[in-house]
Amino acid sequence: MKDHGSTVASPDPAATLTAPLPDAVRAAVSLPDSTTTVQAIDPRLATSAAGWLKVESSALCGTDLDLYQQGLGHPTVMGHHVIGEIVSLTPVMQWSWDVEVGDRVALEEYLPCGLATCDACSKPEVYRFCPDADLWGGQRRVGMLGIHEGSGLHGGNAEYMELSTRTVLHKLPRDLDSNLAAWTQPFANAVDWVVNIGGATSGSRVAIIGPGYHGVAAVAAARAVGVQEIVVLGRNSRTSRDRLEIAEAMGASIIVNDDLGLTSAALGRHGQRNGFDVIVDTVGLGGPALQTTEHLRKLGRLILAGLGDTPVAEVNLKTLVRGASGVVGVRGRSPEAVARSIELLAAGDTGLEHVPSIDVGLEGVDELFRSLLDRTGPSSPHIVVRPSP
Ligand SMILES: [Zn+2]
Ligand SMILES: [Zn+2]
């Protein structure tokens, strides 16, 4: 019975935070032996949840596949391109994130330390370089923390995800189509690489090496600024040919080139004497990518967005000086690019609506990874885990 004369004790913060959640949250847990099982996880095990997200979608990217193939260090709920609805949050984070329960958001994968003493976190545009959040360093990232930490629900391949005070999120329009919303993060990368760093504008000619996930996103980014021509190079495999067809439907010219060593020659034949303002290597070709600098127009940029198997190569510096051109490595994206990505997706006509969405439930994650590793998987690069049917 309530005593109206006394002060009501404030509720236990952890209890408040897990209140709308089921006692058992279904999650696809990926194991170090490159298998995945669906497990029921108790969200009350969370020790430092600053909020909870009901996951709408978790899009698969090449990094997931690499990590999975290399063998994870510990059982992990993967998935780092996450969209969802906030179902609970602490008052402090409501203020800090400027969001409310019920808001639809896109997460960034980085979980930066946020300390004023951190070189990266002290600058708002480059927190992704925080050593804590580095893919090759601290690995404090969405979809990389093990299930032994707190609830273990730190990735998008689960019905619900724990948010921490380090989470970086962006509000999404409620009416943005779900297939397009799932493009928020890779499209933001592509906007940063092609437009912000590459400098593509309406008169530009853009070449993209590789028609994969980020290659297709790069086509959309080039299209968004109305470039003059987009050319996409891909191999003569089943998957690559299907993806080139998608790029073509988005308005790109395509080049099928199976000899990666001859990438520059293939590009030269297509570009004739016109050259390109921006060339984006999404594959990580190494030397053959550097050779394409000979087809850059004055002030052109070669954007290296893939690590690949053969990243070490010699550069002809004379070519760069004579053309005042640049070779730039890129990683992730600036927060401003995420905002631009959301704006462009909401405005429509990115061309990404031409990319078939391959939707997979949690039970399908194991088979999905297996099929992608043995190259029998779907050819569309837009693969989206949807934890709640
Ligand atoms: Zn990714
Ligand atoms: Zn930091």
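Just so you know, residue 1 is the first one in the sequence shown, and it goes up from there. Keep in mind that what you see is a predicted model, and the values were worked out from it rather than measured. Note that ligands are numbered from 1 as they come in the structure, with each ligand's atoms numbered from 1 the same way.
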Q | the Zn ion (ligand 1): angle it makes with SG (Cys61) and NE2 (His81), nearest 10 degrees | A | 120°
Q: Could you please compute the angle at the Zn ion (ligand 2) from SG of Cys130 to SG of Cys121, rounded to 10°?
A: 110°
Q: Quick one: the SG of Cys118, the Zn ion (ligand 2), SG of Cys113 angle, rounded to 10°, please.
A: 110°
(Q) I want to check something: taking the side chain as every heavy atom from C-beta on, are Ile246 and Pro211 in contact at a cut-off of under 4.5 Å? (A) no
Q: For the residue pair Thr184 and His81, confirm or rule out a side-chain donor-acceptor distance under 3.5 Å.
A: no
Q: Report yes or no: do Gln291 and Thr263 form a side-chain donor-acceptor pair below 3.5 Å?
A: no
Q | With Glu108, the side chain to side chain contact (heavy atoms under 4.5 Å, CB included) member among Arg333, Gln185, Arg128 | A | Arg333
